[in-house]
Amino acid sequence: MADTTLSRALDSDLFWSFRNSWTARLSSLVLISLFLAAALAPVLATQDPYDISQLFLLDSELPPMWAEGGDPRYILGTDQQARDLYSSILYGLRLSLIVGFASVALAAALGVSLGLLGGFLGGVVDATIMRVADVLLSFPAILVALLVNGIARGILPPEQHADAAIWVLILAIGLTNWVQYARTVRGSTMVERNKEYVQAARINGVSGIGIMIHHILPNVLGPVLVIATINLGMAVLTEATLSFLGVGMPATQPSLGTLIRIGNEYLFSGLWWVVIFPSVVLVVLVLAVNLLGDWLRDALNPKLR
Amino acid sequence: MLGFLIRRIIQSIFVMLAVALIAFMMFRFMGDPVNSMVSENATTEERDEVRERLGLDQPIWVQYGRYVARAAQGDFGLSWRNARPVSTLLAERFPATAELVLVAAGLSLLIGIPLGIFTALRPHSFLAQSLQFLSLIGISLPTFVTGILLILVFSVWLGWLPSFGRGEVVDIGWWSTGFLTLSGLKALILPSVMLCLFQLTLIMRLVRSEMMEVLRTDYIKFARARGLTNRSIHFRHALKNTLIPVITIFGLQLGGLIAFAIITETVFQWPGMGALFIQAVSFGDVPVMASYLVLVSLIFVIINTSVDLLYAVLDPRLRVDGARASH
């Protein structure tokens with residue numbers, strides 16, 4: 001059974017398109033390595049950047065190992081607090097990806113449920129959801145994310161800001177990005193709703209919720225994958241921007257954006273590596289996700305063939 | 001035309017009321033303001049007195065009505081952080097943001113349109129191809145990374161341009177301008193380049209695809225058949241129709257520029273409204289956040305309405321439809 005599934009997968013159009021696109025192959029290779037690096041951060045890192053006892057102040061501000069004055073123990077050099085940049089980037093990448101995936105999951109769950117509800121029920125429910133979506137869309141995403149973030153900070157007492165930061169970020173980014181899912185799912189739900197299999201289920205006495213979850217949902221999930229892929233790049237970027245602006249991950253638990261912000265403060269001290277390397281990792285990550293998303297959109301869209 | 005105008009304005013008023021409602025709700029989210037105003041061992045009577053004085057004992061829609069009425073008169077209350085009127089804070093910061101956004105918008109048009117025309121007319125030249133490739137990278141780079149790179153190269157390594165602040169400003173009434181001093185102009189270069197880069201690539205790509213589309217239409221073929229010069233065809237006939245969609249996108253993106261100015265202002269420590277907003281977000285300063293939201297939405301609504309009207313003026317087809325619909 002597994003054998004046939006595999007051979008069918010290898011024989012599919014999607015796989016053929018994948019083998020013929022060097023951008024898809026390159027970007028997925030890059031992504032897989034970055035995901036592995038993030039997952040294995042505790043193994044790959046040469047130092048735990050959160051553990052103060054492992055930091056030696058004498059080793060602060062060291063350039064990368066190949067530059068003059070570099071130390072082979074610190075591959076990409078160290079920052080002002082003697083944190084090994086290579087290890088910080090691994091842990092930062094991990095946090096960026098966790099926030100990215102979690103907020104995409106939140107946005108997709110929210111958007112798909114609201115889209116299903118709106119498309120299936122129609123009427124006032126649909127109109128309300130879509131008006132809210134219109135208003136959200138007319139504002140730039142970063143502004144909405146900042147507002148949600150600000151409100152969450154206003155509600156939480158200040159001493160909890162650092163611990164709750166990751167949840168606040170996931171919430172802010174997830175609440176900003178659900179609109180696209182909702183619109184797409186709503187559109188295809190309205191089409192599926194009138195098909196014969198749905199009517200058959202209705203006649204068989206399946207409840208509205210049952211029809212939505214067991215019958216319509218599997219048929220409208222296709223485009224969600226594409227949106228989720230493109231969305232991951234956006235989410236990682238929004239997280240990095242918020243952290244860079246100082247309202248994201250705190251300096252004690254730096255994500256890539258926080259690392260860039262810390263590096264930015266030492267720009268004039270000549271510590272260029274502290275800001276350049278996290279930026280490069282961020283740009284490569286976002287670029288790879290976007291290229292893969294573009295490829296997936298084209299490959300799954302029969303109109304373009 | 002008049003009917004169209006009136007309908008658009010009524011629509012905008014409703015949008016603004018909705019935004020004011022969101023801003024008003026933000027205050028409700030933040031718990032009871034009475035708690036932070038009275039001492040911890042205040043009696044219930046004392047609390048009720050404060051509540052009454054602030055008007056918090058009245059129905060919520062009365063409170064909302066009063067909030068809208070006061071916001072319409074420019075009274076946004078006091079900042080929780082430094083107890084100054086929010087309207088004063090915003091007025092102080094507004095010129096800096098306005099100048100930055102206007103310069104960036106101007107740059108993106110002045111550079112984006114010619115580049116777009118060029119890449120459309122000579123799509124296979126080496127320069128056009130490399131411009132297309134560069135614009136792809138420009139879209140993928142996070143804006144704050146672009147800003148940091150600009151500072152690193154032009155301020156840290158080359159030392160040509162300042163990396164923070166507005167330089168010297170001249171006060172004209174309540175408006176402080178950086179246009180009139182050399183240091184003010186120099187300080188404006190890097191932030192406006194950073195802010196305009198994304199918009200510029202967008203306009204360039206848009207002009208390119210629109211121009212290529214227009215050049216394929218019949219009226220251009222006819223103009224060629226009449227033996228007009230290339231120059232006249234491209235710039236007098238084709239360009240006019242190319243620019244109509246550009247105006248719409250540009251209008252929509254102007255709002256985006258104001259939002260992205262938040263990032264630019266943080267990178268360059270530019271004393272604008274965006275920097276004020278970020279401070280408000282990190283301190284949970286609701287009056288400033290709410291007022292910024294209302295003000296920015298007002299600017300969005302004004303821009304969108306004017307773009308729609310301008311569109312009706314520029315495109316005669318819409319004018320005819322609008323006139324018919326209003327009868």
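Computed over heavy atoms, backbone and side chain alike; hydrogens, waters and symmetry mates excluded. Each chain gets a letter, A, B and so on, in the order the sequences are listed, and its residues count up from 1.
- If you measure heavy-atom distances from B:Ile258 to chain A, you find no contacts under 4.5 Å at all.
- Chain A forms more heavy-atom pairs under 4.5 Å with one residue of B:Phe277, B:Phe260, B:Tyr292, B:Trp157 than with any other, namely B:Phe277.
- Taking the six-membered ring where the residue is Trp, B:Phe154 and B:Trp160 present tilted rings, their angle falling between 30° and 60°.
- Neither the backbone nor the side chain of B:Val15 comes within contact range of chain A; no heavy atom of the residue lies under 4.5 Å from a heavy atom of that chain.
- With a 4.5 Å cut-off on non-hydrogen atoms, A:Ile142 touches chain B through its side chain but not through its backbone.
- By number of non-hydrogen pairs under 4.5 angstrom with chain B, the leading residue of A:Asn264, A:Val286, A:Asn149 is A:Asn264.
- Highest contact tally toward chain B, considering only A:Asn290, A:Ile260, A:Val275, is held by A:Ile260 [criterion: heavy-atom pairs under 4.5 Å].
- For the pair A:Ser243 (side chain) and A:Ala240 (backbone), a donor-acceptor distance under 3.5 Å is absent.
- By number of non-hydrogen pairs under 4.5 angstrom with chain B, the leading residue of A:Leu245, A:Leu287, A:Leu237, A:Leu147 is A:Leu245.
- Interface remark: A:Leu291 contributes no atoms to any contact with chain B (heavy atom separation under 4.5 Å).
- No side-chain heavy atom of A:Ser255 sits under 4.5 Å from any side-chain heavy atom of A:Val99.
- Interface remark: A:Ala141 contributes no atoms to any contact with chain B (heavy atom separation under 4.5 Å).
- Side-chain contact between A:Phe244 and B:Val267 is present, with heavy atoms from C-beta onward closer than 4.5 Å.
- Results of the side-chain contact (heavy atoms from CB on, under 4.5 Å) test with B:Pro191 over B:Ile151, B:Leu100, B:Leu150 single out B:Leu100 as the only residue that passes.
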